[in-house]
Amino acid sequence: MRSRVVGTGSAVPDRVLNNHDLEKMVDTTDEWITTRTGIKERRIASSDDFTSTLATRAALNALDMAGIEPAELDMIIVATVTPDYPFPSTAALLQNNIKAVNASAFDISAACSGFVYAASIVDKFIKSGTVKNALVVGSEILSRIVDWSDRNSCLLFGDGAGAVVLQADNGNSGILDTFMMSDGSNWDLLYQPAPGNRNPASYKVVDERLAFIRMQGNEVFKLAVRAMEDAAIKALAAGHMTPADVDLFIPHQANRRIIDAIGKRLGIPAEKVYVNIERFGNTSSASIPIALDEANRKGLIKPDNILLLDAFGGGMAWGAVTIRW
């Protein structure tokens with residue numbers, strides 16, 4: 001039994017914030033941002049956009065492609081670090097929005113690796129025979145936890161959502177293998193200090209700007225390259241494959257230099273690496289499913305192609321998924 005991708009979808013806010021706009025907000029330049037990150041612009045949520053509403057739009061697009069009604073879904077997992085509420089889960093809100101009345105629904109938090117983790121979880125349920133149709137969504141509104149006075153982090157992140165419908169299938173297409181790993185000893189390299197029960201809502205949280213992302217970028221960069229290379233090799237090896245077998249590599253869109261470094265280490269040529277970071281920035285758990293949906297709708301993925309999805313994020317958490325299309 002395999003978890004076959006039968007539908008993809010994505011959704012991003014209408015507002016575009018480009019590097020020239022950022023020049024008016026913090027001490028930076030378009031050239032500085034572009035050369036160090038590869039980002040030219042990112043999407044920013046309006047006051048009417050929420051993690052659940054972006055997830056809903058992406059999910060409906062994926063379900064429409066799959067030709068599946070929401071009531072046919074058995075499971076919904078939303079990967080996010082920017083939920084609408086601490087509880088209930090964003091997945092529960094999504095379930096209600098699309099009227100998926102027969103599905104279990106829950107969130108997971110694995111930062112930028114969230115979509116890879118969620119797809120891995122669903123794959124196990126499908127292979128066990130307990131789930132037939134599942135919806136996996138990565139959705140984030142990072143603009144609301146970004147410190148817009150910190151030029152080292154505010155230029156990196158954007159908002160958006162991506163979704164995939166996975167269906168049980170007895171053929172050769174679908175998820176082949178998955179790999180997940182974490183290292184909690186480096187949790188403080190990339191995190192959001194508040195709100196949480198260590199730092200509950202208070203004047204201190206506001207005064208000390210604790211509700212915003214904190215990141216040690218150089219350290220994260222070094223760990224990301226090594227970890228993503230390791231995840232990719234192990235996921236491929238589980239299926240007796242090597243990077244040479246990959247037809248399309250879709251890495252987490254965190255930084256263009258990270259993407260280029262990983263592609264070089266794996267020996268995957270640039271024409272086989274899908275990159276859209278210049279238009280969306282880092283959308284955390286949404287980046288891979290947005291890129292996957294774009295590549296799918298552009299016709300870049302052919303039957304029997306081998307796809308490699310690879311991510312790294314806060315936690316630290318990393319992982320990879322191989323798929324035969």
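Taking all atoms of both residues into account, the shortest heavy-atom contact from Q253 to N276 is OE1-N, 3.0 Å. The minimum heavy-atom distance between A59 and L94, with the atom names listed, is CB-CD1, 4.0 Å. Nearest approach of G138 to A286, heavy atoms of both residues: O-CB, 3.3 Å. The two residues A111 and G314 have their closest heavy-atom pair at CB-N, 3.4 Å. Here the closest non-hydrogen pair linking D177 and A235 is CB-O, 3.6 Å. Nearest heavy atoms, A105 versus A91: CB-O, 3.7 Å.
Crowding of R256 atom CZ: a count of heavy atoms from other residues, nucleotides or ligands under 6.0 Å not exceeding 12. A 6.0 Å sphere centred on CG of D207 holds more than 12 heavy atoms belonging to other residues, nucleotides or ligands. When the shell of 6.0 Å around CZ of F125 is examined, it contains 12 or fewer heavy atoms from other residues, nucleotides or ligands. Under a cut-off of 6.0 angstrom, the local environment of NZ in K298 is crowded, with over 12 non-hydrogen atoms contributed by other residues, nucleotides or ligands. At most 12 non-hydrogen atoms from other residues, nucleotides or ligands lie less than 6.0 angstrom from NZ of K204. Within a 6.0 Å sphere centred on CD of E31, other residues, nucleotides and ligands contribute 12 heavy atoms or fewer.
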Side chain to side chain donor-acceptor pair (under 3.5 Å) evaluation trace for D64 with N61: CA-CA 5 Å; D64 180 66; N61 288 335; over 6 Å; no
Can you list the steps and then say if I323 with I306 is a side-chain contact (heavy atoms from CB on, under 4.5 Å)? CA-CA 6 Å; I323 300 172; I306 299 297; over 6 Å; no
Just do the side chain to side chain donor-acceptor pair (under 3.5 Å) check on S52 and D84 with the steps written out, would you? CA-CA 7 Å; S52 63; D84 285 28; 2.6 Å; yes
Hey, mind stepping through I262 and F249 against side-chain contact (heavy atoms from CB on, under 4.5 Å) and telling me if it holds? CA-CA 10 Å; I262 297 165; F249 178 38; 3.8 Å; yes
Check step by step if side chain to side chain donor-acceptor pair (under 3.5 Å) holds for S120 and D123. CA-CA 5 Å; S120 300; D123 182 53; over 6 Å; no
Evaluate D230 against F179 for side-chain contact (heavy atoms from CB on, under 4.5 Å), listing each step before the verdict. CA-CA 10 Å; D230 179 66; F179 175 81; 4.1 Å; yes
Is there a salt bridge (charged side-chain N to carboxylate O under 4.0 Å, His left out) between K40 and E278? Walk through the geometry before answering. CA-CA 5 Å; K40 299 293 291 185; E278 72 280 359; over 6 Å; no
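Counting heavy atoms from C-beta outward, L236 and V246 have side chains that approach closer than 4.5 Å. Taking 4.5 Å as the limit, some side-chain heavy atom of L176 sits within range of a side-chain heavy atom of R2. No side-chain heavy atom of N152 sits less than 4.5 Å from a side-chain heavy atom of M215. Considering only heavy atoms from C-beta on, V220 comes within 4.5 Å of M316 through its side chain. With a 4.5 Å cut-off on side-chain heavy atoms, P251 and V273 count as touching. The shortest distance between side-chain heavy atoms of F221 and I258 falls below 4.5 Å. For the pair R209 and S149, the minimum side-chain heavy-atom distance is below 4.5 Å. A 4.5 Å side-chain heavy-atom check between W148 and L22 finds at least one atom pair inside the cut-off.
V164 is connected to L307 through a chain of hydrophobic side-chain contacts under 4.5 Å among Ile, Leu, Val, Met, Phe, Trp and Tyr, so both are in one cluster. V146 and L156 fall within the same hydrophobic cluster, where Ile, Leu, Val, Met, Phe, Trp and Tyr residues are linked whenever their side-chain heavy atoms come under 4.5 Å apart, directly or through other members. Criterion: ILVMFWY side-chain heavy atoms under 4.5 Å apart, direct or through other members. Under it, V136 and I288 are part of a common hydrophobic cluster. Note on M1: it does not cluster hydrophobically with V165, by side-chain heavy-atom contacts below 4.5 Å among ILVMFWY residues. The hydrophobic clustering, which links ILVMFWY residues whose side-chain heavy atoms are closer than 4.5 Å, places Y274 and V116 together.
Remark: the N296 side chain and the T8 side chain contain an N/O donor-acceptor pair separated by less than 3.5 Å.
Judged by a 6.0 Å distance limit and a 45° cone about the ring axis, R226 is not positioned over the six-membered ring of W318.
Panel note: side chain S287, backbone T283; no donor-acceptor pair is recorded below 3.5 Å. Side-chain atoms of D310 do not come within 3.5 Å of backbone N or O of A320 as any donor-acceptor pair. Between the side chain of R42 and the main chain of L17, a donor-acceptor pair closer than 3.5 Å is present. For the pair T37 (side chain) and T34 (backbone), a donor-acceptor distance under 3.5 Å is absent. The backbone N or O of I39 lies less than 3.5 Å from a partner atom in the side chain of N19, making a donor-acceptor pair. D30 places no side-chain N or O within 3.5 Å of a backbone atom of H20 that could act as its donor or acceptor partner. Formation of a donor-acceptor pair under 3.5 Å by the D159 side chain with backbone atoms of P13 is not found in this model. No donor-acceptor pair closer than 3.5 Å links the side chain of N97 to the backbone N or O of T56.
Applying the side chain to side chain donor-acceptor pair (under 3.5 Å) test to S182 and every residue at least two apart in sequence or in another chain returns Y117. Looking at residues two or more places apart in sequence or on another chain, you find no salt bridge (Lys or Arg N to Asp or Glu O under 4.0 Å) involving D49.
Atom CG in L309 sits 8.0 Å away from atom CD1 in I175 (nearest 0.5 Å). L210 contributes atom CG, which lies 5.5 Å from atom CG of N199 (distance to the nearest 0.5 angstrom). Here the CD1 atom belonging to I290 is positioned 10.0 Å from the CZ atom belonging to R279, to the nearest 0.5 angstrom. Between R43 atom CZ and L142 atom CG the span is 15.0 Å, to the nearest 0.5 Å. Between atom CG of residue L166 and atom OG of residue S3 there is a gap of 5.5 Å, rounded to the nearest 0.5 Å. With values rounded to the nearest 0.5 angstrom, N18 atom CG is found 4.0 Å from D21 atom CG.
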Can I get a per-line list of side-chain donor-acceptor pairs under 3.5 Å for residues 67-81, giving both atom names and the distance, sequence neighbours left out?
residue, atom, partner, partner atom, Å
E72, OE2, E69, N, 2.8
D74, OD2, K132, N, 2.8
D74, OD2, N133, N, 2.9
T80, OG1, T82, N, 3.0
T80, OG1, T82, OG1, 3.4
T80, OG1, S139, O, 2.7
T80, OG1, E140, OE1, 3.0

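The existence of a salt bridge linking D247 and K302 is excluded, since no basic side-chain nitrogen approaches an acidic carboxylate oxygen closer than 4.0 Å. The existence of a salt bridge linking E294 and R297 is excluded, since no basic side-chain nitrogen approaches an acidic carboxylate oxygen closer than 4.0 Å.
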